[in-house]
Amino acid sequence: MVTYDGAPLRTFDLLPKLEKEYGKSKTILAAKENGEWRVYTVEEALQLMDRVSRALMALGIQKGDRVALASRNCPHWNFIDWAIQQVGAVTVPLYTTISENDYKYNINHSESKLLFIYGQDIYRKIERIQAELPTVQKIVSIKPVEGLMSLEELMPLGETVAPERLQAAKDRVDRHDMATVIYTSGTTGTPKGVMLTHENLTSNTKCLGQLFYVDKTTRFFSYLPLSHIFERQVVMAYMNRGATVYYAENMATILNDINEVKPHVFTTIPRLLEKVHASVLLKGSKMKGMEKKIFDWAINLGYEFNDKHQNSILYNLKLRVADKLVYSKVRETLGNHLEVIILGGATIQPKISKLLTAMKMPVMEGYGLTETSPVIAVNSPVTKHIKIGTVGFPVGNVDVKISEEGEILVKGSTVMKGYFKSPETTAEVIDSEGYFHTGDKGLIDEEGFLRLTGRVKEIFKTSMGKYISPSLVENTMLESPFINSIMVVGEGQKFAAALIVPNFEQVRMWCKSQQLHFDSDLEMIKDKNVVGLFRKEVDTLNKRLGDYERVMRFELLPTDFSAEKGEVTSTMKIRRNVIAEHYKPQIENLFR
């Protein structure tokens with residue numbers, strides 16, 4: 001076992017560390033199998049990890065080789081990840097939702113020799129491109145798939161490899177060696193392979209674990225994909241401190257799983273919390289009389305939450321009343337044991353954070369990128385550095401500064417080794433002083449909190465010579481409960497306009513209250529009354545923007561932006577160039 005300052009030195013050192021600190025019988029991972037929660041102990045995890053490692057060695061996998069992993073979240077994702085890395089090979093995690101072309105590009109560019117998949121659903125995509133993957137020598141499925149080797153069939157191959165050989169392979173792995181290549185296209189461009197070392201990952205593990213209250217009794221719920229660095233790292237950080245991680249059965253069962261697990265913490269992106277917020281408001285809209293007045297009072301009280309109110313006797317008294325009448329019922333829908341919600345991926349409307357924090361489900365917003373392993377800054381209940389509307393204090397192992405252009409620059413032990421096979425692109429983002437240029441604009445306020453203000457290259461210029469930050473306008477418009485997604489456009493035009501995806505559940509409720517009936521969502525969004533509703537919402541929010549920033553025209557869309565079509569990233573950030581191409585006629589029509 002190799003550790004430093006309470007954290008593993010290399011990723012796969014985590015399990016021996018847990019064995020020493022908590023014993024072999026400590027439960028560390030759990031997932032639904034045949035409708036029941038199946039837990040895995042440290043001892044089982046160590047055995048599975050070593051068996052997979054020895055099987056990889058039997059197949060000829062050596063130090064530096066890349067092995068791809070395309071699987072939904074499950075304990076075996078972690079076992080395989082660590083097994084790959086302890087023989088000195090490199091894990092290439094792949095999202096299960098990407099297109100066949102992306103699978104082909106990422107696997108071929110990484111020259112992966114082996115591909116692990118979860119089961120039949122993923123193999124349907126892989127099968128169609130299998131002949132175009134020349135470096136892949138074998139495909140192994142975690143769940144049995146006809147015609148493929150299963151994980152259970154793979155592991156016995158390692159019996160020909162002596163444990164001493166595996167130990168020798170482990171000993172050759174240095175903390176500065178590459179542990180993973182994560183392909184990220186962000187919101188634009190061809191996928192880039194981010195090279196992260198063992199030190200990059202474990203340094204972030206150590207730092208994160210010190211910023212949240214966690215011990216061996218903590219239950220951590222996970223539903224975001226492990227192929228994303230955010231979830232992968234927070235899971236490892238919590239596990240490093242003795243927590244048990246529970247994986248959601250699937251996206252459709254999240255709330256049911258949460259109620260069964262009753263977690264103390266989970267990580268999320270804004271979209272889930274926005275849906276929880278919309279659901280709460282929807283329930284309130286059905287209330288009548290005094291019940292409705294009490295509900296509205298409690299919600300508005302939550303929106304007013306801020307640091308000053310924490311010391312106000314009157315406000316806290318009101319909170320206790322609101323908690324008994326309204327908030328406690330909302331907490332029950334999320335297991336009633338939540339101590340903290342860790343938020344990343346994108347910024348959230350401050351009023352949602354305020355409301356959930358007032359409800360005793362505090363939202364700790366953070367910020368980072370794949371290239372920084374990922375966490376750069378985060379609000380922390382341990383350090384008491386908490387300020388709603390910011391992404392928190394920079395973490396202890398990075399140096400953050402703001403350039404003259406307002407760009408966030410980062411330097412430290414979590415900054416990537418570079419982009420795989422692309423030294424030119426690496427040189428474009430890591431300067432001569434070692435600072436990584438994030439592409440995000442921000443500022444550090446007088447108290448030291450980092451606040452995001454937009455993207456460096458995301459500002460567009462109207463034909464009137466005015467510069468507009470679309471993300472600023474979009475975040476303003478998303479405060480409407482009737483708007484689910486939005487993209488603002490207007491490069492070279494006289495004014496700003498927008499493509500808007502309605503929150504259909506909320507709009508249907510409104511239509512019902514107005515005695516309006518439609519056979520489809522498409523028919524509904526074309527109705528003049530519904531269009532008038534959105535015009536009123538947009539005009540109200542426009543008042544908070546500068547004259548030149550206001551959304552003058554909009555188009556309502558019948559379906560949301562799709563990850564399958566490449567319109568949004570895995571964390572639901574919109575890809576503007578893709579959406580602009582897919583909705584070119586609608587955008588052109590906005591400016592006619």
Side-chain angles (χ1 to χ4, degrees), residues 270-271 274-275 277-278 281-282 285 299-300 303 346-352 453-455 458-464 466-514 516 518 521-561 567-568 572-574 576 579-580 582-592:
R271 179 61 62 90
E274 288 164 358
K275 287 185 176 181
H277 178 245
L281 297 184
L282 184 62
S285 69
I299 296 300
N300 289 323
Y303 289 155
T347 56
I348 192 172
Q349 300 168 41
K351 72 175 187 179
I352 297 179
T453 59
R455 289 285 295 171
E458 217 170 60
I459 295 173
F460 64 75
K461 189 177 183 181
T462 67
S463 62
M464 310 301 288
K466 298 291 186 180
Y467 288 95
I468 294 176
S469 170
S471 60
L472 184 150
V473 179
E474 288 157 1
N475 287 335
T476 300
M477 292 296 157
L478 283 169
E479 293 195 21
S480 166
F482 295 102
I483 297 176
N484 190 61
S485 304
I486 180 172
M487 186 177 90
V488 172
V489 294
E491 175 71 46
Q493 303 292 342
K494 291 182 180 180
F495 54 84
L499 299 173
I500 294 176
V501 179
N503 182 329
F504 287 105
E505 191 173 13
Q506 290 278 29
V507 178
R508 291 188 203 106
M509 286 297 299
W510 180 85
C511 289
K512 186 177 180 180
S513 71
Q514 302 297 308
L516 299 171
F518 305 101
D521 289 340
L522 182 60
E523 180 186 354
M524 181 174 68
I525 64 173
K526 292 184 179 298
D527 178 77
K528 64 179 182 180
N529 296 290
V530 174
V531 173
L533 166 68
F534 279 87
R535 183 73 267 170
K536 183 179 178 181
E537 290 289 304
V538 169
D539 287 347
T540 299
L541 293 165
N542 268 340
K543 293 176 183 177
R544 295 169 48 186
L545 300 168
D547 291 345
Y548 62 91
E549 295 174 314
R550 294 178 177 177
V551 175
M552 305 307 292
R553 300 186 70 186
F554 59 83
E555 173 86 10
L556 300 179
L557 304 180
T559 57
D560 206 350
F561 302 132
E567 294 168 343
V568 292
M572 305 311 291
K573 295 174 186 173
I574 58 175
R576 298 181 186 277
I579 294 172
H582 289 179
Y583 292 95
K584 188 175 181 180
Q586 290 89 335
I587 293 173
E588 290 177 348
N589 188 56
L590 287 170
F591 298 105
R592 283 195 181 126

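When a residue number appears, it is its place in the shown sequence, counting from 1. This structure is a prediction, so every number in the text was calculated from the model and none was measured.
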TODO: For residues Arg550 and Met552, determine if any side-chain heavy atom of one lies less than 4.5 Å from a side-chain heavy atom of the other.
DONE: yes
- [ ] Answer yes when Arg535 and Asp539 have at least one side-chain N-carboxylate O distance shorter than 4.0 Å, and no when they do not.
- [x] yes
Task: All salt bridge (Lys or Arg N to Asp or Glu O under 4.0 Å) counterparts of Glu523, not counting sequence neighbours - done: none
TODO: Evaluate the ring planes of Phe554 and Phe534, with Trp represented by its six-membered ring, and classify them as parallel (under 30°), tilted (30 to 60°) or perpendicular (over 60°).
DONE: tilted
Open item on the list: Please enumerate all residues that pass side-chain hydrogen bond (donor to acceptor under 3.5 Å, both in side chains) together with Tyr548, with sequence neighbours excluded.
Closed with: none
Quiz: residues 484-492 side-chain donor-acceptor pairs under 3.5 angstrom, not counting sequence neighbours:
from	atom 1	to	atom 2	distance (Å)
Asn484	ND2	Asp560	OD2	2.8
Ser485	OG	Arg271	NH2	3.3
Ser485	OG	Asp560	OD1	2.9

Task: Straight-line distance of Phe460 CZ to Ile468 CD1, nearest 0.5 Å - done: 4.0 Å
Task: Sidechain-backbone polar pair: Gln506 side chain, Ala278 backbone, donor-acceptor under 3.5 Å - done: yes
Task: Chi angles and distances behind the side chain to side chain contact (heavy atoms under 4.5 Å, CB included) call for Phe504, Phe482 - done: CA-CA 8 Å; Phe504 287 105; Phe482 295 102; over 6 Å; no
Open item on the list: Do Val538 and Ile500 have side chains that approach each other closer than 4.5 Å (heavy atoms only, starting at C-beta)?
Closed with: yes
- [ ] Supply the atom-to-atom distance Leu557 CG to Thr559 OG1, rounded to the nearest 0.5 angstrom.
- [x] 7.0 Å
- [ ] With sequence neighbours left out, write down each residue that passes side-chain hydrogen bond (donor to acceptor under 3.5 Å, both in side chains) with Ser469, or none if nothing qualifies.
- [x] Ser471
Open item on the list: I'd like to check the side-chain contact (heavy atoms from CB on, under 4.5 Å) partners of Gln493; sequence neighbours left out, ordered by chain and number.
Closed with: Phe591
TODO: Could you tell me which residues satisfy side-chain hydrogen bond (donor to acceptor under 3.5 Å, both in side chains) with Asp527, sequence neighbours excluded, listed by chain and number?
DONE: Asn529
TODO: Identify, with sequence neighbours excluded, every residue that meets side-chain hydrogen bond (donor to acceptor under 3.5 Å, both in side chains) alongside Glu537.
DONE: Ser480
TODO: To the nearest 0.5 Å, tell me how far Gln349 CD sits from His277 NE2.
DONE: 7.0 Å
Open item on the list: Could you walk me through whether Met477 and Leu545 satisfy the side chain to side chain contact (heavy atoms under 4.5 Å, CB included) test, starting with their C-alpha distance in whole Å, then the side-chain angles of each, then the deciding distance to 0.1 Å, before giving a yes or no?
Closed with: CA-CA 10 Å; Met477 292 296 157; Leu545 300 168; 4.0 Å; yes
- [ ] Taking side-chain contact (heavy atoms from CB on, under 4.5 Å) as the test, write out the residues that go with Asn475, two or more places apart.
- [x] Thr347, Leu478
Task: Contacts of Arg553 that satisfy salt bridge (Lys or Arg N to Asp or Glu O under 4.0 Å) - sequence neighbours left out - done: none
Open item on the list: Nearest 0.5 angstrom please: His582 NE2 to Ile587 CD1, how far?
Closed with: 11.0 Å
TODO: Could you pull out the closest heavy-atom pair between Ile525 and Leu522, with the gap in Å?
DONE: CG1-O, 3.3 Å
Task: Taking every non-hydrogen atom, the tightest pair across Phe518 and Cys511 - done: CE1-SG, 3.7 Å
Open item on the list: What I'd like to find out is whether the side chain of Trp510 reaches to under 4.5 Å of the side chain of Leu516, using heavy atoms alone.
Closed with: yes
Task: Any side-chain heavy-atom pair of Lys528 and Val531 under 4.5 Å - done: no
Task: Validation row: Ile352, Glu274 side chains within 4.5 angstrom (heavy atoms) - done: yes
Task: Flag side-chain contact, heavy atom, 4.5 Å: Ile299 against Lys351 - done: no
Open item on the list: Before you tell me yes or no, could you show the steps for Gln586 and Leu499 under side chain to side chain contact (heavy atoms under 4.5 Å, CB included), namely the whole-Å CA-CA distance, both residues' side-chain angles and the distance that decides it to 0.1 Å?
Closed with: CA-CA 8 Å; Gln586 290 89 335; Leu499 299 173; 4.2 Å; yes
TODO: Decide yes or no for Asn503 and Ile483: does some side-chain heavy atom of the first lie under 4.5 Å from some side-chain heavy atom of the second?
DONE: no
Open item on the list: Quick test of your reading: applying salt bridge (Lys or Arg N to Asp or Glu O under 4.0 Å), list the pairs with at least one residue in residues 494-507, sequence neighbours left out, ordered by first then second residue.
Closed with: none
Task: With sequence neighbours excluded, residues passing side-chain contact (heavy atoms from CB on, under 4.5 Å) with Met509 - done: Leu282, Ser285, Lys286
TODO: Please lay out, stage by stage, how Glu567 and Ile574 fare under the test side chain to side chain contact (heavy atoms under 4.5 Å, CB included).
DONE: CA-CA 6 Å; Glu567 294 168 343; Ile574 58 175; over 6 Å; no
TODO: Any chance you could measure Glu549, atom CD, to Phe495, atom CZ, to the nearest 0.5 Å?
DONE: 15.5 Å
Task: Pairs touching residues 468-480 that satisfy salt bridge (Lys or Arg N to Asp or Glu O under 4.0 Å), sequence neighbours left out - done: Glu474-Arg576, Glu479-Arg544
Task: Over all atoms of both residues, closest heavy-atom pair of Leu590 and Ala498 - done: CD1-O, 3.9 Å
